[in-house]
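First up is the structure itself, then whatever we jot down about it.
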There are 2 protein chains.
Amino acid sequence: MSSRTYDDACATAHALDLIGERWALLVMRELMMGPRRFGDLRASLSGLSANVLTQRLEGLEAAGIVRRRRLPPPANVQTYELTEWGLEAEPILLTLGKWATRSPLHDPTLPFSPVALMLSFRAKFEAAKTKGMTVLIGFRFGEESFAVGVRKGVLSTERGVAVAPDVEVTGTPSAMAGLVYGKAPLAELERQGALSVTGDRAALQRFADLYVMPPKAG
Amino acid sequence: MSSRTYDDACATAHALDLIGERWALLVMRELMMGPRRFGDLRASLSGLSANVLTQRLEGLEAAGIVRRRRLPPPANVQTYELTEWGLEAEPILLTLGKWATRSPLHDPTLPFSPVALMLSFRAKFEAAKTKGMTVLIGFRFGEESFAVGVRKGVLSTERGVAVAPDVEVTGTPSAMAGLVYGKAPLAELERQGALSVTGDRAALQRFADLYVMPPKAG
DNA sequence: CGGCATCCGGGAAGATACTG
DNA sequence: CAGTATCTTCCCGGATGCCG
């Protein structure tokens, strides 16, 4: 792929040859919840310029991590999606995220993409904390909707509108992260208009209470 | 750290801000089995030039991942070691390695550092396969020695000379990888002089048989 | 507008030489 | 041995423009 290789038989080094270039893993992150279009990726990754995105998609496609698909007419648009093997890279993203949560330099006030929020739910989920909890939450972040459920100690996160959810939340991923990770009071977030909630607020709060932040390092 | 940041609240993106620069994760890899000196790192990471290594060590130190320690006289040399939090990054390396093992482009004939071999043992170890096996192996790769043991379904890998091992192996990490991952016949490797073994060859073979390669992707 | 070339400035990476 | 200084090369990031 990249001409600048590590020339190292270690599989970890080879992984970095494949996906160690700037933006590559974040492009993969945005594809983790399903296919996306060129413009979607560009919109979710501010700072990534079009030419670099083109290069990354080419590289990832050549490596067998991303596949491009042209939808049949009348849609006739091109989408990018992860291959099966590309999807298997999810633990890499989750492990990186879990580790960096302890960084003293981490600034949670920066922009937060919807997909990143969903993956963070997966990364920090602990089945042992659910105690038989069952809940289905519908999220709406602008145009993007997600259904998040907990059932029998298993977390499910899917793109799409939730059917008959216990509670529906509209707002920004940042505000939702403030509730879950920053432990901001739900009533306060609603009062500010950062989140608007319809349905079972207590269920949403129970979901947020599943998550606790590890102590900072150093 | 790096002035070129992703400006993204996602913890995964922040991780890449911290350790996403070229060579950073491989420097951390070489520190995973204990403190090392500047020259050790350079020797293990061919292609990494001194100025870049200096920059990475400075950056990792500023981020709280690496600590530099000056040994007291008469040694009086400087060593670099991972902080506690830096050590916690090990799952990142293992996850990357496990994923990349399925890459069709992976070339296992390239140079292989001793530490990389030890970490690969950890990454691909499966307790369920050990079936009560107990074995202690001493490895010697040039100046570097390691003790690798399996006991009660737990793998231990430490730097240093093994005491009363079942079997001792001298050779290169690549040759050992050929035995374990390439399933090269031990007798053949010995005949070629790639490995020299004293002690219980069957125990070494049983250890190698713990490992199976997953199918390539694509 | 989506996708992808092209050009350019700045900065990081890579090789070499040099210093205590 | 452990870095530092310098120079070159190449990648990244931004802008522009071309086509469907």
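Sequence lines set the chain letters: A, B, ... in the order given, protein chains first and strands last, and positions in each chain run from 1. Computed from a predicted model, the values in this text were never measured in an experiment.
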Practice prompt. With sequence neighbours left out, write down each residue that passes salt bridge (charged side-chain N to carboxylate O under 4.0 Å, His left out) with A/Arg68, or none if nothing qualifies.
Written response: A/Glu61

Discussion item. Treating primed atoms plus P, OP1 and OP2 as sugar-phosphate and everything else as base, which nucleotides of nucleotides 15-20 of chain D get B, S or - for protein heavy atoms under 4.0 Å?
Written reply: B-----

Worksheet, complete the sentence: In numerical order, the residues of residues 35-49 of chain A whose heavy atoms come under 4.0 Å of DNA chain C are A/Arg37, A/Phe38, A/Gly39

Worksheet item: If we fit an axis to the first five pairs and another to the last five of the helix from C/dG3-D/dC18 to C/dG20-D/dC1, what angle do they make, to the nearest 10°?
Response: 30°

Fill in: Residues in side-chain contact (heavy atoms from CB on, under 4.5 Å) contact with A/Ala177, at least two apart in sequence or another chain
A/Phe112, A/Leu117, A/Tyr181

Worksheet item: Listed by chain and number, what are the ring pair (Phe, Tyr, Trp, His ring centres under 6.0 Å) partners of A/Phe207, not counting sequence neighbours?
Response: A/Phe121, A/Tyr211

Worksheet item: Of all residues at least two apart in sequence or in a different chain, which pass the salt bridge (charged side-chain N to carboxylate O under 4.0 Å, His left out) check with A/Glu58?
Response: none

Worksheet item: Excluding sequence neighbours, so at least two apart, what forms ring pair (Phe, Tyr, Trp, His ring centres under 6.0 Å) with B/Tyr80?
Response: none

Worksheet item: B/Glu81: what forms a salt bridge (charged side-chain N to carboxylate O under 4.0 Å, His left out) with it, not counting sequence neighbours?
Response: B/Arg67, B/Arg69

Worksheet entry | For A/Glu190, all residues meeting salt bridge (charged side-chain N to carboxylate O under 4.0 Å, His left out), sequence neighbours excluded | A/Arg201

Item to complete: Determine which pairs satisfy side chain to side chain donor-acceptor pair (under 3.5 Å) with at least one residue from residues 32-49 of chain B, sequence neighbours left out, and list them in order.
Response: B/Glu30-B/Ser44, B/Ser49-B/Asn51

Fill in: Pairs where residues 159-173 of chain A contributes a residue and the test side chain to side chain donor-acceptor pair (under 3.5 Å) is met, not counting sequence neighbours
A/Glu144-A/Arg159

